[in-house]
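Values reported hereafter were calculated over all heavy atoms of this structure, with side chains retained and with hydrogens, waters and symmetry mates removed.
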Amino acid sequence: MKADKTYLELCKTILEKGSLKEDRTGVGTKSIFGYQMRFNLNDGFPLLTTKKVNFNLIWSELLWFIKGDTNIKFLLENKNNIWNEWAFKKWVESSEYKGVDMTDFGRRILTDDKLMTEYKKEMKKFKERILTDEKFALKYGDLGNVYGKQWRNFDGIDQLKNVINQLKENKYSRRIIVSAWNPKEIDTMALPPCHTMFQFYVCENKLSCQLYQRSADVFLGVPFNIASYSLLTILIAKECNLELGDFVHTIGDAHIYLNHIEQVKTQLERKPYKSPKLVINDFDTIFNLKIEDVTISDYNCHPFIKAPIAV
């Protein structure tokens, strides 16, 4: 319940005080700069209840990061479609693609019903090829050196493994940090990292994590980010025999896309439910976790609210 209230306060702040800005996608946003939220992980798992948030998508994406994977094939195998558009963009802009013109499809499908129909057909074919054609998947399913690569192989350094080791051996260090922002490799990524770095902090044997996010799609992305990094903190605390502290979410450009405004207003009218419970199977290390090892229970929530993604 507290998680919803904290998140909805951010939404209200942007609607009331945000500035209108043009943006890379061409959709436009209401935006503020510099905002911080704090979630006490002992108050319950911060999965929002004022709209349905698909936990399976959050967990499969996080596991994908932990594995160091950068190919959407793993996500598609786990019925996760949240990175499809960026891989699809790579395919339709290639010389090998011979289908309907998909230039700037992210914006055009919002107003062109005919193109939307063709887009769905092409996307379905694309996903099927990723799952069944290994060579095609290797070439067009890979998103470049995105999060998982940086977490597990930042210029040869396994940052995530280093974090685990530091928390076990020198937990009071002020240098327990993972950075996804690798200037040398930004141009090799389908999307430069929005959640750029995170730091762990131990006090009174409680593990806290602070994320710095340079850019935040508040309606679609932030609910995922809150739950994902809270889950990561909980899993690492469990492996390192630490209790739970806070997840602190610090955002640079916090924005609501103009075509999400009405959806946000709908969500603001809803009353939160009690937070759900995490169910985690016993494990020795986060690097051996499987999809079935983490689930949620008692998740009561309001219905899902649909909104277009800006690519």
Would you call [X]-[Y] a salt bridge at under 4.0 Å N-O?
| X | Y | result |
| --- | --- | --- |
| Lys73 | Glu134 | no |
| Lys125 | Glu128 | no |
| Arg129 | Asp133 | yes |

Without hydrogens or angle criteria, can the side chains of [X] and [Y] be said to hold a donor-acceptor pair below 3.5 Å?
| X | Y | answer |
| --- | --- | --- |
| Trp91 | Glu122 | no |
| Thr70 | Asp142 | yes |
| Lys206 | Asn42 | no |
| Asn205 | Lys171 | yes |

Residue from [options] passing side chain to side chain contact (heavy atoms under 4.5 Å, CB included) with [X]:
| X | options | value |
| --- | --- | --- |
| Leu207 | Phe200, Phe247, Tyr201 | Phe200 |
| Met37 | Leu211, Val222, Val248 | Val222 |
| Gln210 | His249, Gln36, Arg38 | Gln36 |
| Trp59 | Ile291, Ile296, Asn80 | Ile291 |

Polar side-chain atom of [X] near backbone of [Y] as donor-acceptor pair, under 3.5 Å:
| X | Y | value |
| --- | --- | --- |
| Asp4 | Pro272 | no |
| Asn182 | Phe154 | no |
| Arg270 | Pro303 | yes |
| Gln159 | Gln150 | yes |

Within this structure, what is the [atom1]-[atom2] distance for the pair [X] and [Y], rounded to the nearest 0.5 Å?
| X | Y | atom1 | atom2 | answer |
| --- | --- | --- | --- | --- |
| Phe219 | His255 | CZ | NE2 | 13.5 Å |
| Tyr119 | Met102 | OH | CE | 8.5 Å |
| Leu75 | Ile72 | CG | CD1 | 7.5 Å |

Inset, instruction - Sort out for me which residue in Tyr147, Tyr212, Phe224 forms a ring pair (Phe, Tyr, Trp, His ring centres under 6.0 Å) with His195. - result: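 Testing each of Tyr147, Tyr212, Phe224 against His195, the sole residue satisfying ring pair (Phe, Tyr, Trp, His ring centres under 6.0 Å) is Tyr147.
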
Side chains of [X] and [Y] in contact at under 4.5 Å (non-hydrogen atoms):
| X | Y | value |
| --- | --- | --- |
| Asp253 | Arg214 | no |
| Phe65 | Leu232 | no |
| Leu8 | Gln267 | yes |
| Phe45 | Leu231 | yes |
| Asn78 | Asn56 | no |
| Leu15 | Leu268 | yes |

Inset, instruction - Go through the steps to decide whether Tyr299 and Phe55 satisfy the test ring-ring contact (aromatic ring centres under 6.0 Å, His included), and finish with yes or no. - result: CA-CA 10 Å; Tyr299 183 37; Phe55 177 78; 8.5 Å; no

Verify same cluster id: [X], [Y] (apolar side-chain graph, 4.5 Å):
| X | Y | result |
| --- | --- | --- |
| Ile251 | Ile177 | no |
| Tyr140 | Trp86 | yes |
| Trp64 | Ile280 | yes |
| Phe304 | Leu48 | no |
| Leu235 | Val279 | no |

Legend entry - ring-ring contact (aromatic ring centres under 6.0 Å, His included) assessment of Trp151 paired with Phe198: CA-CA 11 Å; Trp151 287 19; Phe198 52 101; 5.1 Å; yes

